[in-house]
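Have a look at the structure below before the remarks.
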Amino acid sequence: MHQTFDAALGIDLLHVNQAGADHNRAHFDRWGITCMNIMSSPGAGKTALLERTLEGLHQKLAIAVIEGDMTTELDADRLRQYGVPVVAINTGRSCHLDAKMVAGGIHTLEHQHDPNALDLVLVENVGNLVCPAEFEVGEHAKVALLSITEGEDKPLKYPIMFQEADCLLITKVDLAPYLDVNIEQIAANVRQMNSHCTIISVSAKTGEGLEEWFGWVRSRVQASPLAKTHTHA
Amino acid sequence: MHETDMTKALILTVRDWWESQPDRPNITKIHLMVGQFTCVEPAGLQFAFEVQTRQTFLENAALVIQDVPLVAFCHPCQQEYQPEIGRQYACPTCQAPMDDIRSGRELKIDRIEYDGAEVGNLTPNPATTR
Ligand SMILES: Nc1nc2c(ncn2[C@@H]2O[C@H](COP(=O)(O)OP(=O)(O)OP(=O)(O)O)[C@@H](O)[C@H]2O)c(=O)[nH]1
Ligand SMILES: [Mg+2]
Ligand SMILES: [Zn+2]
Ligand SMILES: [Zn+2]
Ligand SMILES: [Zn+2]
């Protein structure tokens, strides 16, 4: 005769990733670094935004990039021309970055560069609207991009990333004259599930909105209890 | 794709538990709670679980997935509501944004059922004893 027994576990499926994310965040905290996780669907403009961000901020903040984009080293090279450390991590065929992959990037960075001298680490996630938001990597802020070519309904269909974002960048707004798109509707759809995020319309092409984005980044770096006392001129 | 990773995490967690049991019991069911407001497809998980547990200690185990609906609480209205995923997340009564998710984000191994015919020192759960 068989008896069936029952063991209550109550364990989060993502607890291993969560522990890894906490490990990464502890590194960042020790070094006084603010980390931002940059997420979007493929091609929404993450790398273009990073280029403009390095151009605009690398003299004001000491920045490093962890490039989780599966694209080529070409991307990383484009970013290196601003004189910042760029670590490209191999994501294999994964559709998102996880804490362990980013840990590899952090440890590489640490060997190539004095992490105590850095203010900001920008992590470019794999282009995917569905799951990157589910896997924390140790970031202090989540930034979601949505390009106006993707359609107003995407935040409703793929809500998790938008619900978790601290900043939403509506990108490629230079294309608005050519499209039948209602940018206010995009913002309103995100507001349905996220009342607190900062929403900024930007164009990496014309530079529209970038100053506001830079301001947001700098305020997040400065607001961090770990902000360096030194300031770059 | 991430269903594969999630399943790996599931199996590793269950294995840790199994290896901590002195008698390495025969696991018959794993009860998993999957919120509707997650990126996880239950069907994808079932498939990955079947593939990944073949010829392992979980070969005879079934994965039982409990769907957990998305429930939000509207503070202005002081009441719960069920957002319509894909369509409407704001409160249907007052349009306030979905600010307080009460359930639907779960990805949790709830409990494990196992055979314990030869086991002496465990107390059977009356709910599941046959
Ligand atoms: N018109 C216009 N095009 C842009 C803008 N930003 C990016 N693009 C174009 O959009 C395409 C994709 O941009 P990327 O920066 O590579 O996008 P991504 O999000 O990094 O892409 P993945 O890493 O592959 O997911 C490129 O052809 C860019 O030139 C913009 O502000 N305006
Ligand atoms: Mg890119
Ligand atoms: Zn470490
Ligand atoms: Zn994924
Ligand atoms: Zn309400």
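This is a predicted model, so every value here is computed, not measured. Throughout, protein chains are lettered first and strands after them, A, B, ... in sequence-line order, and every chain is numbered starting at 1.
- Among the residues in residues 163-170 of chain A, those with a non-hydrogen atom closer than 4.5 angstrom to a non-hydrogen atom of chain B are Q163(A), E164(A).
- Both the backbone and the side chain of V130(A) come within contact range of chain B, judged by heavy atoms closer than 4.5 Å.
- At least one side-chain heavy atom of D5(B) sits under 4.5 Å from a side-chain heavy atom of S94(A).
- Atom CZ of F5(A) is separated from atom OG1 of T28(B) by 11.0 Å, given to the nearest 0.5 angstrom.
- Side-chain contact between L9(A) and I112(B): present, with at least one pair of heavy atoms (C-beta onward) separated by less than 4.5 Å.
- Inter-residue side-chain proximity for I11(A) and K108(B) is flagged as unmet; no heavy-atom pair is nearer than 4.5 Å.
- Neither the backbone nor the side chain of L12(B) has a heavy atom closer than 4.5 Å to any heavy atom of chain A.
- Put simply, CD on E106(B) and CG on D12(A) are 9.5 Å apart, with the number rounded to the nearest 0.5 Å.
- Within the 4.5 Å cutoff, no side-chain heavy atoms of D99(B) are placed close to those of M193(A).
- Of the two parts of H15(A), only the side chain, counted from C-beta on, holds a non-hydrogen atom closer than 4.5 Å to a non-hydrogen atom of chain B.
- Contacts of residues 38-62 of chain B with chain A at a heavy-atom distance below 4.5 Å involve T38(B), C39(B), listed in sequence order.
- For chain B, the nearby part of F135(A) is the side chain; its heavy atoms alone come within less than 4.5 Å.
- A salt bridge links R111(B) and D6(A); the closest N-O separation between the charged side-chain nitrogens and carboxylate oxygens is under 4.0 Å.
- Partners of D100(B) by salt bridge (charged side-chain N to carboxylate O under 4.0 Å, His left out), not counting sequence neighbours, listed by chain and number: R102(B).
- Residues of residues 63-95 of chain B having a heavy atom under 4.5 Å from any heavy atom of chain A, listed by number: G86(B), R87(B), Q88(B), Y89(B), A90(B).
- Atoms SG and NE2, from C95(A) and H2(B) in turn, are 5.5 Å apart once rounded to the nearest 0.5 Å.
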